[in-house]
Amino acid sequence: MRFIRHTALLAALALAPFFAGAQEWPTAKPITYVVPFTPGGSTDIIGRVLANKLGEALKQSVVVVDNKPGQAGGIGASYAAKAAPDGYTLFGGTISTHAINASLYKNLSYNPVKDFEPVALVATLPNVLIVNPALGVNSVKELIELLKKDPSKRMFASSGAGTSTHLAGEMFGDLIGVKLTHVPYKGTPPALTDVAAGQVSFMFDQMTAALPLAKAGRVKLLAVTTGQRIALAPELPTMIESGVAGFEMSSWQAVYAPKGTPKAVVQRLNAEIVKALKQPDVVDKLHTQLGMDIVGSTPEALAAHMAKEIPRWAELVKKSGASAD
């Protein structure tokens, strides 16, 4: 009997730190929010907004770590997937990290389903066709005519191999029957900078990053990739309206935690994120100013969304012939 009591005491002592940590969450240490792209892009903007709001709600500092770009967000995703599932690491996932990469990379260093706990689908975003003003084109039709006539203009930029901006360019070339040259960057800002400078002719990217440069006259917006025109720029036609039949796609942003993060922690994080996304200043920043359609889903709804998106993008990757290996 004494031996049994002694064994039980040792077991209780061994588990004590675990239970203490669980009870202390989120007061034991700062929460790290991993952003897998360069500063200034949509994922970074969302990460900083949510980090601030979560810090206020949880009475804890939420730190957006040094951005970890590369492999269409895969480097940051791999880093977050290996973090301890204790509620102190969050990951800003995207259509690239949690849908496209699964089929684009044959040797992906993480599994978007098995290595993560879905927390919330944050928003969907329209992509837009962006060109350098010096090209002298004012419509998608004129751009297509130029690309067919002048091979030197066929380079398009993207925020990285495997991103939705990459796949959009591949799809565009396939649908218009022109072989385009892909130039990948480590994030949206450097890619847009080179389009504005004329180093690359055009790119597809999210409205959030493109609009400030367009307003400054440094780039020109020709069309949106969504099925319908968007309220933020109603003057822009869709790609389908512009004569590119079958061209429709949207990006999305979400929050994840490492697999095994306690369910109670995931639920609390989800509740605080959904609450934050309804606050007027967040709605103004993400929706009114940047054109994002705010969602704020449950973890289960995000998992269901991924279950549809992964095979959909696998089909598009196969059709386009795109590869990042």
Side-chain angles (χ1 to χ4, degrees), residues 37-38 40-42 72 95-96 100 125-226 229-230 232-233 235-251 290-291 316-317 320-322 324:
F37 295 101
T38 52
S42 300
I95 187 174
S96 299
I100 298 174
L125 307 86
N127 280 347
V128 62
L129 174 53
I130 309 155
V131 299
N132 179 277
L135 287 180
V137 299
N138 297 301
S139 68
V140 177
K141 180 181 178 181
E142 291 180 4
L143 176 62
I144 293 172
E145 291 174 351
L146 177 64
L147 294 175
K148 289 184 175 180
K149 180 176 63 176
D150 189 348
S152 70
K153 307 299 183 185
R154 294 176 184 172
M155 289 192 300
F156 75 94
S158 82
S159 56
T163 60
S164 64
T165 64
H166 171 202
L167 269 292
E170 298 285 1
M171 185 188 300
F172 182 50
D174 180 62
L175 291 173
I176 67 174
V178 175
K179 180 62 177 176
L180 302 174
T181 301
H182 175 223
V183 183
Y185 289 78
K186 286 189 175 181
T188 290
L192 272 175
T193 297
D194 272 9
V195 172
Q199 300 297 319
V200 187
S201 298
F202 70 98
M203 72 178 295
F204 289 87
D205 212 309
Q206 294 159 8
M207 177 69 79
T208 51
L211 198 56
L213 286 179
K215 288 180 177 179
R218 297 180 60 195
V219 298
K220 185 179 293 185
L221 311 182
L222 298 186
V224 292
T225 63
T226 46
R229 295 194 183 202
I230 62 173
L232 189 62
E235 74 282 1
L236 289 180
T238 67
M239 291 294 289
I240 294 173
E241 286 177 327
S242 301
V244 188
F247 196 113
E248 181 180 348
M249 64 190 306
S250 295
S251 299
L290 300 176
L316 289 172
V317 167
S320 71

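Since we're looking at a predicted model, the values are computed, not measured.
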*Measure the spacing between CD1 of Ile176 and NZ of Lys148 and express it to the nearest 0.5 Å.*
6.5 Å
*Please report the shortest heavy-atom distance between Ser158 and Ala191, naming the atom on each side.*
O-CB, 3.6 Å
*Do Val200 and Tyr185 touch side chain to side chain, with heavy atoms closer than 4.5 Å?*
yes
*asked:* Val128 and side chain to side chain contact (heavy atoms under 4.5 Å, CB included): which single residue from Thr225, Leu236, Asp205 fits?
replied: Leu236
*When you look at NZ of Lys153, are more than 12 heavy atoms from neighbouring residues, nucleotides or ligands closer to it than 6.0 Å?*
no
*Where Ser250 and Thr226 come nearest, the two heavy atoms and their spacing*: OG-CG2, 3.3 Å
*Min side-chain heavy-atom separation Leu125-Met207 under 4.5 Å*: no
*In Å and rounded to the nearest 0.5 Å, what is the CG to OG distance from Leu147 to Ser152?*
10.0 Å
*Search all heavy atoms of Ala210 against all heavy atoms of Leu221 and return the closest pair with its distance.*
CB-CD2, 4.0 Å
*If the plane angle is over 60° it's perpendicular, under 30° parallel, otherwise tilted; pick one for Phe172 and Phe247.*
perpendicular
*Does some side-chain heavy atom of Val244 sit less than 4.5 Å from a side-chain heavy atom of Ile144?*
yes
_Can you give me the closest heavy-atom contact between Val131 and Val137, atom names plus distance?_
CG2-CG2, 4.2 Å
*Hey, what do you get for CE (Met239) to CG (Leu175), rounding to the nearest 0.5 Å?*
8.0 Å
*With distance as the sole test, does Asn132 use its side chain to make a donor-acceptor pair with the main-chain N or O of Val195 at under 3.5 Å?*
yes
*For the pair His166 and His182, name the ring-plane relationship: parallel under 30°, tilted 30 to 60°, perpendicular over 60°.*
parallel
*Give, for atom CG of Leu180 and atom CG of Asp174, the distance between the pair rounded to the nearest 0.5 Å.*
10.0 Å
_Test side-chain contact (heavy atoms from CB on, under 4.5 Å) applied to Phe202 and Leu129, step by step_ = CA-CA 7 Å; Phe202 70 98; Leu129 174 53; 3.7 Å; yes
_Smallest separation among heavy atoms of Thr38 and Gly187, with atom names_ = OG1-CA, 3.3 Å
*Evaluate the side-chain proximity of Thr188 to Gln206: yes if any heavy-atom separation is below 4.5 Å, no if none is.*
no
*Taking the side chain as every heavy atom from C-beta outward, state whether Val317 and Glu170 have any pair of such atoms under 4.5 Å apart.*
no
*Dump the intermediate steps for side-chain contact (heavy atoms from CB on, under 4.5 Å) on Asn138 and Lys220, then the final yes or no.*
CA-CA 8 Å; Asn138 297 301; Lys220 185 179 293 185; 2.7 Å; yes
*Write down the atom of Ser164, the atom of Asn127, and the distance for their closest heavy-atom approach.*
OG-ND2, 3.5 Å
*Is atom CZ of Arg154 surrounded by more than 12 heavy atoms (other residues, nucleotides or ligands) closer than 6.0 Å?*
yes
